[in-house]
There are 2 protein chains.
Amino acid sequence: MKSSKIPERTITRLSIYLRCLEELEADGIVSISSKQLAERFGLNPAQVRKDLAYFGQFGIRGLGYPTQELKNHLERILGLKQDWEVALVGLGNLGSALLHYKGFRERGFKITAIFDKDPVKVGRRVKGVRVWNVSWIVPVIKRRKIKIAILAIPTVGAQAVVDGLVEAGVTAILNFAPTQLSVPWNVKLQNVDISVLLKTLSFHTIRADREATRTEGAS
Amino acid sequence: MKSSKIPERTITRLSIYLRCLEELEADGIVSISSKQLAERFGLNPAQVRKDLAYFGQFGIRGLGYPTQELKNHLERILGLKQDWEVALVGLGNLGSALLHYKGFRERGFKITAIFDKDPVKVGRRVKGVRVWNVSWIVPVIKRRKIKIAILAIPTVGAQAVVDGLVEAGVTAILNFAPTQLSVPWNVKLQNVDISVLLKTLSFHTIRADREATRTEGAS
DNA sequence: TAGATTGTTAATCGATTAACAATC
DNA sequence: TAGATTGTTAATCGATTAACAATC
């Protein structure tokens, strides 16, 4: 078993391949080549093969990859063969939207604990899930052995919450708070900063604008 | 002017630096070195200097970067000196959450057109913004010259919507639909696939688990 | 002047792509 | 067997980091 180091982007692509395989399976297509798979995403076939080769030999030379089998392998690799309990911290606009997002449960992620600091919300049940005061994070998560958390709170106090999550044994955090958080090396922090994303769009729009006027001028 | 090619990640980091500079300015700190800036994000000082050097010489040797001035430069580079009109397509849970997200307006992004296909929603006004039928995308966006769109709709029909946006002159799209969309080379598509993100978290949790049990066994 | 820190070039590192023997 | 496609090694590419002259 030579695990070497697996690039982050390989993992991201793996879950994209998986979605494609689900579609292929639904369409009754029994096998697919790295070339075909690559074409769908504008990737290089060698990259597809390399990504998969990190985890084993799943293909058949001359034929390609058996759809269903590869799908099973990827599900196992990505840890989707089991259901995951997920803690949601913050039940504002974004938190509520995420709670109602059907994609989670479909893929085995169940929000089973919610935390908020608003006394109006604490104690209620939303979608059958109890809302706890944030001060209960450590004991509740510890007891339930929850490993994955979603952070949908404002910047202020976010680090304290993260510290609590880590103390409680959480090893993976999806963070929507627009701030830099620090976690120990063995905890995975995935940032989704919508305002940063919008800024890159703004940058590209500025550029597109300039290009357009330049081209106009040249023509 | 040697523009060369600017890495995507440089742009992302630029907007992170900017946030830091805003805080520094609020704290009345007038200058900062690449070393200090890098430390805050666990980056390399050379990288900070290189990122900035793509766009000009903003620093003073021996002293560092003047906070306020650099902030201004970054705002100009990222296109934040102007307000942006943004179109929101899809007013479900996620769309509503994004509409109510205060971070947008604070940073000059105003959602000024909403599209949905639900007849119940069409024609209403939400937060003072009119909801149009999706079939009106092209004329409405064209007339208002909107350049940035947020896509918060399900997979089905997403490509058709994107085609409309592009036809109407949109050059940057923030996509929350969990599907691969195709756009022309001069349009920037930024995907935020929450289910893919959760899968990478799942993968890391699986790994952390294995590591933990291995260490236990070894001890 | 001495110390500090930039801007930039060169070295390193890591990821992508090309090429090809292995093999279905 | 001939054609196709994998798995893997080698070549390329691009981004990060180190090093250092320029200069405040």
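Proteins get letters first, then strands, A, B, ... in listed order; numbering begins at 1 in each.
Base contact: Lys50(A) has a heavy atom under 4.0 Å from a base atom.
For the residue pair Trp84(B) / Ser202(A), a side-chain donor-acceptor distance below 3.5 Å is found, with atom types taken as modelled. With hydrogens and angles left out, the side-chain atoms of Asp51(A) and Gln47(A) include no donor and acceptor closer than 3.5 Å. Between Arg76(A) and His73(A), the side chains place a donor N or O and an acceptor N or O closer than 3.5 Å (distance only, hydrogens not considered). Gln68(B) and Asn72(B) share no donor-acceptor pair across their side chains, judged by distance under 3.5 Å alone.
Taking atom CG of residue Asn44(B) and atom P of nucleotide dA11(C), one finds them 17 Å apart after rounding to whole Å. Straight-line distance from the OH atom of Tyr54(B) to the C1' atom of dT6(C): 17 Å, rounded to whole Å. One atom, CG of Leu70(A), and another, P of dT5(D), lie 16 Å apart when rounded to the nearest Å.
Phe203(B) and Phe55(A) have perpendicular rings, their planes meeting at more than 60° on a 0 to 90° scale where under 30° would count as parallel.
Two residues, Leu43(A) and Leu63(B), neighbour DNA chain C, and the one matched to the more 5' nucleotide by heavy-atom proximity is Leu63(B). Nearer to the 5' terminus of DNA chain C, by closest-nucleotide assignment, is the contact made by Thr10(A) (compared with the other of Gly62(A) and Thr10(A)).
The side chain of Arg13(B) has dT16(D) as its nearest neighbour among dT16(D), dC24(C), dT8(C).
Side chain Arg61(A) to base dT6(D): a donor-acceptor pair is found below 3.5 Å.
Electrostatic pairing of Arg19(A) and Asp193(B) counts as a salt bridge here, judged by a charged N lying under 4.0 Å from a carboxylate O.
The backbone N or O of Ser182(A) sits less than 3.5 Å from a side-chain atom of Gln159(A), completing a donor-acceptor pair.
The nucleotide dT6(D) finds its pairing partner in dA21(C), both defining distances of the Watson-Crick or G-U wobble pair being shorter than 3.5 Å.
For residues 19-34 of chain B, proximity to DNA chain D is found at no residue, defined as any non-hydrogen atom under 4.0 angstrom from a strand atom.
The side chain of Arg49(B) contributes an N or O atom lying less than 4.0 Å from OP1 or OP2 of dT6(C). Under 4.0 angstrom from either OP1 or OP2 of dA4(C) there lies no side-chain N or O belonging to Tyr65(B).
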